[in-house]
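Structure, as structure tokens:
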Amino acid sequence: SSSSFSARSSSRSSRAISVVLKSPSLAMLGETDRHAAVLAEAVAKAPVTGNLMHDLHIAVLLLEHGVSELLTADTDFHRFQGFRAINPFA
């Protein structure tokens with residue numbers, strides 16, 4: 001049944017996330033005291049609405065923490081300045 005598939009899928013996903021969170025190279029990025037200012041500057045350079053607001057938040061976190069490259073297949077990140085969005089599958 002689809003509910004048992006969903007439960008198995010969820011369990012696998014939980015295990016995968018747990019492995020990633022235990023990685024010694026993982027760095028969780030959070031908002032800094034500069035968040036509002038960096039956000040305002042990013043919005044002025046690349047105004048976005050709707051679903052792109054989530055991408056904007058990620059971009060602002062990258063900028064706040066000095067991340068210079070983002071590995072992603074999501075081409076929407078090319079609209080933001082200050083870091084390079086690289087498709088690792090291209």
Side-chain angles (χ1 to χ4, degrees):
S1 85
S2 64
S3 63
S4 63
F5 172 78
S6 178
R8 283 193 304 267
S9 240
S10 178
S11 177
R12 269 192 302 246
S13 296
S14 293
R15 285 193 305 273
I17 290 169
S18 179
V19 168
V20 169
L21 291 175
K22 290 178 184 174
S23 171
S25 63
L26 175 70
M28 298 293 282
L29 303 182
E31 297 169 359
T32 69
D33 293 340
R34 301 179 326 117
H35 188 74
V38 176
L39 176 62
E41 185 177 338
V43 167
K45 291 179 180 176
V48 298
T49 59
N51 292 339
L52 292 175
M53 291 301 293
H54 180 70
D55 292 349
L56 174 66
H57 186 244
I58 292 170
V60 169
L61 291 173
L62 298 176
L63 295 169
E64 285 180 83
H65 290 275
V67 175
S68 61
E69 294 180 340
L70 172 65
L71 300 179
T72 180
D74 186 343
T75 58
D76 289 331
F77 282 98
H78 293 282
R79 73 183 62 238
F80 304 113
Q81 299 175 15
F83 62 89
R84 287 180 7 148
I86 301 168
N87 184 341
F89 306 111

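These numbers come from the heavy atoms of this one structure, side chains and all, not from hydrogens, waters or symmetry mates. None of the values given here were measured: they were computed from a predicted structure.
Legend: residues meeting ring pair (Phe, Tyr, Trp, His ring centres under 6.0 Å) with His78, ordered by chain and number and at least two apart, are absent. Shown here are the side chain to side chain contact (heavy atoms under 4.5 Å, CB included) partners of Ala73, two or more places apart in sequence or in another chain: Asn87, Phe89. Under the side-chain hydrogen bond (donor to acceptor under 3.5 Å, both in side chains) criterion, Ser23 pairs with Ser25, sequence neighbours left out. Take Thr32 and apply the side-chain hydrogen bond (donor to acceptor under 3.5 Å, both in side chains) test, not counting sequence neighbours, and it matches Glu64.
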Would you list the atom pairs, donor with acceptor, under 3.5 Å between side chains in residues 39-58 and any protein atom, with sequence neighbours excluded?
unit_1, atom_1, unit_2, atom_2, d
Glu41, OE2, Lys45, NZ, 3.0
His57, NE2, Glu31, OE2, 2.8

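Here the closest non-hydrogen pair linking Phe77 and Ala59 is CE2-N, 4.4 Å. Leu63 approaches Arg34 most closely through the heavy-atom pair O-NH2, 3.7 Å.
Both Leu29 and Val38 belong to a single network of hydrophobic side chains, linked directly or stepwise wherever heavy atoms of I, L, V, M, F, W or Y lie under 4.5 Å apart.
Residues Phe83 and Val67 fail the side-chain proximity criterion, which asks for heavy atoms closer than 4.5 Å.
Between the side chain of Ser18 and the main chain of Ser14, no donor-acceptor pair closer than 3.5 Å is present.
For residues 79-90, the set of pairs meeting the salt bridge (charged side-chain N to carboxylate O under 4.0 Å, His left out) definition, not counting sequence neighbours, comprises Glu69-Arg84, Asp76-Arg79.
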